[in-house]
Participant: 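Supplied in structure tokens, the structure appears directly below.
These figures come from a predicted structure and were not determined experimentally. Letters A, B, ... are given to chains in the order of the sequence lines, protein chains preceding strands, and every chain is numbered from 1.
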Number of protein chains: 2
Amino acid sequence: MTAKIRAERRTDALSKARIVEAAIEILDKNGEDALTFRALAAHLETGSGAIYWHVADKDYLLAAATDHIVARVMADAARGSSPRDVIRAMANGLFDAIDGHPWVGGQLSRNPWQYAVLRLMEGIGSQVQALGVPERAQFNVVTALLSFMLGLAGQYAAGARLFPRDADRAEVRKAHLGAVAAKWMELDPAEHPFVRQVAKVLPEHDDREQFLAGIDLILAGMESIQKLGAP
Amino acid sequence: MTAKIRAERRTDALSKARIVEAAIEILDKNGEDALTFRALAAHLETGSGAIYWHVADKDYLLAAATDHIVARVMADAARGSSPRDVIRAMANGLFDAIDGHPWVGGQLSRNPWQYAVLRLMEGIGSQVQALGVPERAQFNVVTALLSFMLGLAGQYAAGARLFPRDADRAEVRKAHLGAVAAKWMELDPAEHPFVRQVAKVLPEHDDREQFLAGIDLILAGMESIQKLGAP
DNA sequence: TGGATGGTTGGAACATTGTTCCATCCATGT
DNA sequence: ACATGGATGGAACAATGTTCCAACCATCCA
């Protein structure tokens, strides 16, 4: 065993990058709650103390993991033609990322001061600038887009937290939404008419479409305000 | 001591309502992290086990506390003239609630399936219906408004988590935003032009104005889409 | 009226977590 | 060869949510 450890030392040297990578593996495979320093230490065949030499604390680790994912999304989305397309590509990419790594949604919405969020803000901001929005309105428009994204990210993450890692997520998800809808249908029709109406559509609705519809809505509002202010 | 307890029994009988009330007191006075079952038990002069007789677990307790606050907001906001005004009143009320009880923001954004969120959805939904939005578009519009609200709620809550309960919040907040802005200004101008531009406005900006601006933006988008589809 | 009953209570005990501490290791430079 | 200090592994600590259980006491029945 000691020999094995010795042999591994060279190739297995601990590092922030390797730790973040392992954390992402655990998060992806077993969900948000599964990431503990003990599980991480076991996965890396070391002790928890050693991890703290490279990583300040759990918050930092989660922020680093999240940034790792978001950075790729933003880089890919940057290759678009019009500013509108880039924004929609970023939204699409973010959706894919959260779909593939549900914990990213929770982490993004929980901690808005982390670097990953700053990345999103810069990416969205530069495109909003390119759209010719007057400077004093840019902040509000970007915040609206960003908050909407983070808000929905949190919601999807909460949904995913309920059934962590299943083979046929689509099926499980639909069953779950069906159960929620059924519960909503039991509410008093006089007190909750709208929710009951939504319940009918809930199990069939497409998350991605909903996400992009929200983005388009905000962009449309932005344009209508621009037209209003221009002439 | 035993006599005292006996005497108190009658007036002090434990109940879900009294527990929720005490939880809100602790959350308001000492912040999100301060609510533990031990602190709660001490505050109620009982043991943690007794609390579990009335309350399933901490999630349930937090959801109940949140709903207690949100219910009042929605009831107050319902007294408005036009649907637009009601929506803005709800947003304003929600902002006040989060401003006064920052933990509400965190709780709302963390758990979208709790009853408080359903309340918000019903409240917003009925007004959107009243605005004459076509039924198949209602779901997306309401989700957009709701997600934006929850997203920004989470952000404000995260901000408040950094300085839990201070006498002059306004001062502390400004100092904190100033520190964030200063950090942002240190970023590479080539890589983060937009963030650096925002940093200049950050410490002075008005949260409430920003919140309502987002609502108006989405409402404007909704109207422009309506006009587009109608004629 | 007195004893049984079962809804409540209080607090000890447990499992799990993030984090700290420290004895030990080993590649490097002298 | 040997001292040094960056890295490591794992034990120990403090805090938390939750469970468990002995004791309590108002109520109901005999």
Participant: For Arg173(A), is there an ion pair with Asp207(A) - N to carboxylate O distance below 4.0 angstrom?
Facilitator: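 A salt bridge is present here (some side-chain N lies under 4.0 Å from a carboxylate O).
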
Participant: Arg18(B) CZ to dT8(C) P: how many Å, rounded?
Facilitator: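 Value for this atom pair: 15 Å.
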
Participant: For the pair made of CZ in Phe37(A) and C1' in dA12(D), what is the distance, rounded to whole Å?
Facilitator: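 Phe37(A) atom CZ is separated from dA12(D) atom C1' by 17 Å.
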
Participant: Over how many whole Å does the gap from Leu35(A) atom CG to dT16(C) atom P extend?
Facilitator: 17 Å

Participant: If I take atom CD1 in residue Ile26(B) and atom P in nucleotide dT16(D), what distance separates them, rounded to the nearest angstrom?
Facilitator: 12 Å

Participant: Parallel, tilted or perpendicular for His192(A) and Tyr115(B), by the 30°/60° rule?
Facilitator: perpendicular

Participant: Check each of Leu108(B), Val20(B), Ile24(B) against Thr66(B) using the side chain to side chain contact (heavy atoms under 4.5 Å, CB included) test, and report the only one that passes.
Facilitator: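 Testing Thr66(B) for a side chain to side chain contact (heavy atoms under 4.5 Å, CB included) against Leu108(B), Val20(B), Ile24(B) leaves exactly one candidate, Leu108(B).
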
Participant: Working to the nearest 0.5 Å, report the span between NE2 of His205(A) and CG of Leu177(A).
Facilitator: 6.5 Å

Participant: Please verify the inter-ring angle class for Trp113(A) with His176(B); under 30° counts as parallel, over 60° as perpendicular, anything in between as tilted.
Facilitator: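 Plane angle over 60°, so perpendicular.
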
Participant: Quick one: Asp33(A) CG to dG17(D) C1', roughly how many Å, whole number?
Facilitator: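 Spelled out: CG on Asp33(A) to C1' on dG17(D) is 13 Å.
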
Participant: So if I take every side-chain heavy atom of Ser48(A) and compare against dT17(C), dT20(C), dT16(D), which nucleotide ends up nearest?
Facilitator: dT20(C)

Participant: Can you tell me the base-pairing partner of dA30(D)? Count Watson-Crick or G-U wobble geometry only, both distances below 3.5 Å, and say none if there is no partner.
Facilitator: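 dA30(D) is paired, partner dT1(C).
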
Participant: Rounding to an integer number of Å, can you tell me how far Leu44(A) CG sits from dA7(D) P?
Facilitator: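 Nearest whole value for this atom pair: 16 Å.
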
Participant: Closest approach to the side chain of Thr36(A), judged atom by atom: which nucleotide of dT19(C), dG17(D), dT17(C) is it?
Facilitator: dT17(C)

Participant: How many whole angstroms separate atom CD of Glu45(A) from atom C1' of dT8(D)?
Facilitator: 14 Å

Participant: Rounded to whole Å, please give me the gap between CZ in Arg38(B) and P in dT9(C).
Facilitator: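 Those two atoms, CZ and P, are 19 Å apart.
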
Participant: By the salt bridge (Lys or Arg N to Asp or Glu O under 4.0 Å) test, which pairs, at least two apart or in different chains, include something from residues 100-111 of chain A?
Facilitator: Glu32(A)-Arg110(A)

Participant: Assess whether salt bridge (charged side-chain N to carboxylate O under 4.0 Å, His left out) is satisfied between Arg208(A) and Asp96(A), documenting all intermediate values.
Facilitator: CA-CA 9 Å; Arg208(A) 185 191 301 272; Asp96(A) 288 336; 2.6 Å; yes

Participant: Tell me which residues in residues 49-60 of chain A lie within less than 4.0 Å of DNA chain D, going by non-hydrogen atoms.
Facilitator: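 The answer is Gly49(A), Ala50(A), Trp53(A), His54(A).
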
